[in-house]
**Q** 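Here it is, the structure in full.
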Amino acid sequence: QVQLVESGGGLVQPGGSLRLSCAASGNMFSINAMGWYRQAPGKEREFVAAISWSGGNTYYADSVKGRFTISRGNAKSTVYLQMNSLKPEDTAVYYCNVKYTTYFGSAHENDYWGQGNQVTVSS
C-alpha cells in the first residue's frame, strides 16, 4: 500500500506565492517520477509539472513555465511545487502523483494519487 501526504494549499491573492509538498511512503521498490496535476471546476485534470527521480529532469506545462518550480526534498520521496506569480486561472485542486515499481526489474509502472489540495487565487 502506498500513501501520499500532501500539504500547502490555501487562499492567496493574485501575484502571490504558495508551496505545495507531497511525501510518499509505502510499498514502493523504486520511484520513477513524481509530479503535480490540477483540476479546475468543470474541467478535466491536467498536467502541471513532474520530476524524474533518477536524473532529476523537470517538465512543466506551458501555462506554468517560469512561474512554478518542482523540486525534490532532502527527505526521501518528497516533492515540492513552488508556485509564484499566481493567477486566478491557477485556481484548482492540485493532486500529487507518484509513478513507481514494486520490485527489482519490473517493467510495470504503477500510479498513485494524493487526496488533492485546494489552491484558490482571488482578491
**Q** Distance check, rounded to the nearest 0.5 Å: Glu46 atom CD versus Gln39 atom CD?
**A**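 Glu46 atom CD to Gln39 atom CD measures 9.5 Å (nearest 0.5 Å).
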
**Q** Taking the side chain as every heavy atom from C-beta outward, state whether Pro88 and Pro14 have any pair of such atoms under 4.5 Å apart.
**A**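 Contact flag for Pro88/Pro14 side chains = yes.
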
**Q** Taking Tyr37's backbone N and O only, do any of them form a donor-acceptor pair with Arg45's side chain (distance below 3.5 Å, no angle check)?
**A**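 Such a contact is absent between Arg45 side chain and Tyr37 backbone.
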
**Q** Taking ring-ring contact (aromatic ring centres under 6.0 Å, His included) as the definition, give me every residue that meets it alongside Tyr100, ordered by chain and number, with sequence neighbours left out.
**A**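 Testing Tyr100 for ring-ring contact (aromatic ring centres under 6.0 Å, His included), a comparison that skips the adjacent residues, returns none.
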
**Q** Would Val48 and Met83 satisfy side-chain contact (heavy atoms from CB on, under 4.5 Å), going step by step from the backbone distance to the final call?
**A** CA-CA 11 Å; Val48 175; Met83 304 184 291; over 6 Å; no

**Q** Indicate yes or no: does Lys65 engage Asp62 in a salt bridge with an N to O separation below 4.0 Å.
**A**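 The answer is yes: the pair qualifies as a salt bridge.
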
**Q** Ignoring hydrogens, what is the shortest heavy-atom contact between Ile70 and Gly35? Give both atom names and the distance.
**A**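 Ile70 and Gly35 have their closest heavy atoms at CD1-CA, 4.1 Å.
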
**Q** For the backbone of Asn57 and the side chain of Ser52, can you confirm whether one donor and one acceptor N or O come within less than 3.5 Å of each other?
**A**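 Yes.
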
**Q** Are Glu89 and Val121 close enough that some pair of their side-chain heavy atoms sits under 4.5 Å apart?
**A**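 With C-beta onward as the side chain, the pair stays apart.
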
**Q** Within the distance-only criterion (no hydrogens, no angle test), does the side chain of Tyr112 pair as donor or acceptor with the backbone N or O of Gln1 below 3.5 angstrom?
**A**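 Looks like no, no N/O pair under 3.5 Å.
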
**Q** Decide whether Val93 and Leu18 are clustered together by the hydrophobic rule: side chain heavy atoms of Ile, Leu, Val, Met, Phe, Trp, Tyr closer than 4.5 Å, transitively.
**A**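 No, Val93 does not connect to Leu18 through the hydrophobic network.
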
**Q** Identify the heavy atoms of Ser21 and Ser7 that sit nearest to each other, and give their distance.
**A**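 Heavy atoms of Ser21 and Ser7 come nearest at OG-OG, 2.6 Å.
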
**Q** Nearest 0.5 Å, what's the CD-CG distance between Gln118 and Leu11?
**A**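 Output value for this atom pair is 9.5 Å.
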
**Q** In terms of the angle between their ring planes, are Phe68 and Tyr94 parallel, tilted or perpendicular, with boundaries placed at 30° and 60°?
**A**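 Tilted: the ring planes of Phe68 and Tyr94 meet at 30° to 60°.
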
**Q** Quick check: do Arg38 and Leu81 have side-chain heavy atoms less than 4.5 Å from each other?
**A**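 The answer is no; the side chains never approach within 4.5 Å.
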
**Q** Is Trp36 close to Val79 at the side-chain level, that is, under 4.5 Å between some pair of heavy atoms?
**A**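 With C-beta onward as the side chain, the pair touches.
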
**Q** Within this structure, what is the OG-CG distance for the pair Ser122 and Asp90, rounded to the nearest 0.5 Å?
**A**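 Output value for this atom pair is 12.5 Å.
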
**Q** Nearest 0.5 angstrom please: Leu20 CG to Gln82 CD, how far?
**A**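 One gets 9.0 Å once the value is rounded to the nearest 0.5 Å.
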
**Q** State the CG-CZ distance between Leu86 and Arg67, to the nearest 0.5 angstrom.
**A**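 So the CG of Leu86 and the CZ of Arg67 are separated by 6.5 Å.
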
**Q** So do the side chains of Val2 and Asn110 get within less than 4.5 Å of each other, counting heavy atoms only?
**A**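 No - every pair of side-chain heavy atoms lies 4.5 Å or more apart.
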
**Q** Less than 3.5 Å apart, which donor and acceptor atoms pair up between the side chains of residues 26-34 and the rest of the protein, not counting sequence neighbours?
**A**
unit_1, atom_1, unit_2, atom_2, d
Asn32, ND2, Glu109, OE2, 2.8

**Q** State yes or no: do Phe47 and Ile51 share one hydrophobic cluster built from I, L, V, M, F, W and Y residues joined by side-chain heavy-atom distances below 4.5 Å, directly or via other members?
**A**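 Per the 4.5 Å side-chain linkage, Phe47 and Ile51 are not co-clustered.
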
**Q** Which pair of non-hydrogen atoms, one from Tyr60 and one from Ala49, has the smallest distance, and what is that distance?
**A**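 Result for this residue pair: CD2-CB, 3.6 Å.
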
**Q** Taking disulfide bond (SG atoms under 2.5 Å apart) as the cut-off, I'd like each qualifying pair that reaches into residues 91-123, sequence neighbours left out, listed once.
**A**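 Residue pairs with at least one partner in residues 91-123: Cys22-Cys96.
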
**Q** Is the number of heavy atoms from other residues, nucleotides or ligands under 6.0 Å of Glu44 CD greater than 12?
**A**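 No - once you tally the heavy atoms of other residues, nucleotides and ligands closer than 6.0 Å, there are 12 at most.
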
